[in-house]
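Working notes, beginning with the structure itself.
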Number of protein chains: 2
Amino acid sequence: MLQSPWGARTDAPLAAFPFLTDAVLRQCVCRTFGDREPLVTAGAPVPDLMIVLRGRARIMATAANGKAALLQFVQPGDLLGELTLVGAEDAAKAVLAIGPVACLAIPQSVIEAQLATAPAFWQLLAQHIGVKLLRRMTHMASAQTQAFKYRLAELMLTVAVAGVYQENNVQIADYLGVSYRHLMYTLRQFREAGLIAKQPGGYRLDAPAMRAFLTAGDR
Amino acid sequence: MLQSPWGARTDAPLAAFPFLTDAVLRQCVCRTFGDREPLVTAGAPVPDLMIVLRGRARIMATAANGKAALLQFVQPGDLLGELTLVGAEDAAKAVLAIGPVACLAIPQSVIEAQLATAPAFWQLLAQHIGVKLLRRMTHMASAQTQAFKYRLAELMLTVAVAGVYQENNVQIADYLGVSYRHLMYTLRQFREAGLIAKQPGGYRLDAPAMRAFLTAGDR
DNA sequence: TGGCGGGTAGGAGATATCTCACAGAGGAGG
DNA sequence: CCTCCTCTGTGAGATATCTCCTACCCGCCA
């Protein structure tokens, strides 16, 4: 049924959404995005509910002063537009792809016509948001305890594309709640420990070494 | 309609829940709890959905080793049992009153018979959980930035009963993600700054001074 | 060409926070 | 009464992290 640009089936994350009957699925669209391409544009009305099938993305908030702040990372199985759909959020935030991304888009019209009247649909949405809340809670709670170096290592592994990290360090420092200076300091530690190596425009990671670092002295 | 033990109307938080028609309200119960009384018992099936009308409470998680961890504080307008109801959470966590608390309890039977089939009910639940998620996100994000002393001051103000703070400091240190030693150190700073004063079994707060402290050098 | 502005990099010196160690107070049980 | 245990409080000495400051590179634009 659904084919990804990688040639593999991408409907595994769909198992969590039983309201996606074949009848509904036939009216959905599979969208794909390239690196740094916007999945959602800030402020613009969210056209439909999207389920991330493959790839990762970052959710950005643009402040009044024009500054862009990194809010959150998105993974396969995550929903986009749920909070707006449900009325918990007024203005959608921008979502940018990190590497290639594939999404299943459920058009607004289909939701209104075939899903909005089904209690099970809303119930599942509520459950999904609730699970997300609990997951985020434990994640942030652990982030509060974890030393910065572990949070940074984890983040670099999740946002690197093809083993290369090339984020805006100012934003990353902000996202991780740490001063830019300290981010630089820690990056140097990583370099000196051989976990990463500088290269024009970013850092190349030694992914196995970083994973070992995370599972070693961690929690 | 609803009278609180304080003699004032307590239905203000109910405005956010339009599915509470008079017909449903008539089948609900108004429950009140005293200081440190359990609103929800850990593990026990949650009998019904509760809406907090007045007072505060703390959500506790009891770990396998018997240790109790402070997870979250509950305020008027918050729901109890939503995550279990929606299926996002398997085992309910214990909830203990902080001072006198009043709740509106919607019996499980009423939910099943009159609400479960209404999409609007689930939609509102989803919205409520979504709002909670967003609020928690911004809260935790700010917590990451805020210096410990501000987080502590804020917490002391919210958990104090009649201007007196008498929590278990081991748990508080854990909840705020700080070493017990540092909590003690900061409490002494507060004492020396005249924000709090020791008294048997806890600390008496100078609430106005603390609020001034929060709004002064803050963020 | 020259000058911004933003991002990167790092030095020096404060603070915030942690770990370990110790001591006293009060409750529970033998 | 003694002992064990938990909570409270504190000292001393490490680390983690912050703030301020300087320098350099680079793309953009007048």
Side-chain angles (χ1 to χ4, degrees), chain A residues 36 60 62-63 65-70 141-156 159 164-193 196-204 213 217-219, chain B residues 36 60 62-63 65-70 142-156 159 164-193 195-204 213 217-219:
Chain A
R36 285 151 210 271
M60 312 290 299
T62 309
N65 58 18
K67 294 276 185 188
L70 183 47
S142 85
Q144 207 175 30
T145 312
Q146 298 264 327
F148 171 66
K149 51 187 176 185
Y150 298 121
R151 284 186 286 145
L152 175 59
E154 203 170 310
L155 177 138
M156 292 186 85
V159 299
V164 175
Y165 163 94
Q166 36 190 348
E167 300 298 310
N168 175 323
N169 284 330
V170 173
Q171 280 175 23
I172 293 294
D174 200 52
Y175 175 67
L176 291 176
V178 115
S179 69
Y180 176 82
R181 181 68 186 82
H182 194 57
L183 171 58
M184 281 302 143
Y185 170 81
T186 310
L187 283 177
R188 173 153 59 149
Q189 306 293 102
F190 281 6
R191 255 185 289 149
E192 288 173 354
I196 64 179
K198 200 187 310 193
Q199 74 170 39
Y203 296 86
R204 184 167 35 77
F213 170 69
D218 211 323
R219 65 211 63 237
Chain B
R36 284 149 210 273
M60 311 290 299
T62 309
N65 57 19
K67 293 276 185 189
L70 184 47
S142 86
Q144 205 174 31
T145 311
Q146 298 264 328
F148 171 64
K149 51 188 175 185
Y150 298 121
R151 284 185 288 146
L152 176 59
E154 203 170 309
L155 177 138
M156 292 185 84
V159 301
V164 175
Y165 163 94
Q166 37 190 347
E167 300 298 310
N168 175 323
N169 284 330
V170 174
Q171 280 175 20
I172 293 294
D174 200 52
Y175 174 67
L176 290 176
V178 114
S179 68
Y180 176 82
R181 180 68 186 83
H182 194 57
L183 170 59
M184 282 302 146
Y185 170 81
T186 309
L187 283 178
R188 173 151 60 148
Q189 306 292 101
F190 282 6
R191 256 185 287 151
E192 289 172 355
L195 294 176
I196 63 179
K198 200 186 309 192
Q199 74 169 39
Y203 296 85
R204 184 168 34 77
F213 170 69
D218 211 324
R219 68 207 62 236

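Bear in mind that the values here come from a model prediction, so they are computed numbers and not experimental data. In what follows, chains are A, B, ... by sequence order, proteins preceding strands, each numbered from 1.
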query: B:Leu187 or A:Ala147: which one's nearest nucleotide on DNA chain D is closer to the 5' end?
result: B:Leu187
statement: When rounded to whole Å, the OH to P distance for the pair B:Tyr150 and C:dT15 reads 14 Å
message: Check this one for me: any side-chain N or O of B:Lys198 less than 4.0 Å away from OP1 or OP2 of D:dG9?
response: yes
- request: Supply the atom-to-atom distance B:Leu187 CG to B:His182 NE2, rounded to the nearest 0.5 angstrom.
  value: 10.0 Å
- prompt: Between B:Gln144 (CD) and D:dA16 (P), how many Å, whole number?
  reply: 18 Å
query: Which atom names give the shortest non-hydrogen contact between B:Gln166 and B:Arg36, and what distance separates them?
result: O-NH2, 3.6 Å
- prompt: Can you check the A:Asn169 CG to C:dG10 C1' distance for me, whole Å?
  reply: 14 Å
message: Between B:Arg151 (side chain only) and B:Leu176 (backbone N and O only), is there a donor and an acceptor less than 3.5 Å apart?
response: yes
- request: Please round to the nearest 0.5 Å and tell me the distance separating atom OG1 of A:Thr186 and atom CZ of A:Arg181.
  value: 9.5 Å
- request: For A:Ile196 and C:dT8, give me the distance from atom CD1 to atom P, rounded to whole Å.
  value: 13 Å
message: Counting only side-chain heavy atoms from C-beta out, which of C:dA9, D:dC7, C:dT17 sits nearest to B:Val170?
response: D:dC7
statement: Rounded to whole Å, the CD-P distance (B:Gln146 to C:dT17) equals 11 Å
- request: Would you indicate whether the side-chain heavy atoms of A:Arg188 and A:Glu192 approach each other to under 4.5 Å?
  value: yes
message: Using 0.5 Å steps for rounding, measure from the CG atom of B:Leu155 to the CG atom of B:Leu70.
response: 7.5 Å
message: It should be established whether A:Arg151 places a side-chain nitrogen or oxygen under 4.0 Å from OP1 or OP2 of nucleotide D:dA16.
response: no
statement: Smallest heavy-atom separation, B:Gln144 atom then A:Tyr175 atom, equals OE1-O, 3.6 Å
For residues 167-174 of chain B, dump all side-chain donor-acceptor pairs below 3.5 Å to protein atoms at least two apart in sequence or in another chain.
{"residue": "B:Glu167", "atom": "OE1", "partner": "B:Arg58", "partner atom": "NH1", "Å": "2.4"}
{"residue": "B:Glu167", "atom": "OE2", "partner": "B:Arg58", "partner atom": "NH1", "Å": "3.2"}
{"residue": "B:Asn168", "atom": "OD1", "partner": "B:Val170", "partner atom": "N", "Å": "2.7"}
{"residue": "B:Asn168", "atom": "OD1", "partner": "B:Gln171", "partner atom": "N", "Å": "3.2"}
{"residue": "B:Asn169", "atom": "OD1", "partner": "B:Tyr165", "partner atom": "OH", "Å": "2.8"}

- request: Report the relative orientation of the aromatic rings in A:Phe213 and A:Phe190; use parallel for angles under 30°, tilted for 30 to 60°, perpendicular for over 60°.
  value: perpendicular
task: Give B:Gln171 one of three labels, base, sugar-phosphate or nothing, depending on what nucleic acid heavy atoms sit under 4.0 Å from its own.
output: nothing
message: Nearest to the side chain of B:Arg188, heavy atoms from C-beta on, is which of D:dT10, D:dA16, C:dG11?
response: D:dT10
statement: Overall bend of the helix from C:dT1-D:dA30 to C:dG30-D:dC1 (five pairs an end, 10° steps) is 30°
task: Round to the nearest Å and state the distance from B:Lys149 atom NZ to D:dT17 atom C1'.
output: 15 Å
- request: Rounded to the nearest angstrom, tell me the gap between atom CG in B:Leu183 and atom P in C:dA16.
  value: 16 Å
- request: Consider the side chain of B:Met184, meaning its heavy atoms from C-beta on, and name the nucleotide among D:dT8, C:dT8, D:dT17 that approaches it most closely.
  value: D:dT8
- prompt: In whole angstrom, what separates B:Tyr185's OH from D:dT10's P?
  reply: 12 Å
statement: Contact check, residues 174-182 of chain B vs DNA chain C, heavy-atom distance under 4.0 Å, returns B:Gly177, B:Val178, B:Ser179, B:Arg181, B:His182
- prompt: Say you draw a straight line from CD of A:Gln189 to CZ of A:Phe148; how long is it, rounded to the nearest 0.5 Å?
  reply: 11.0 Å
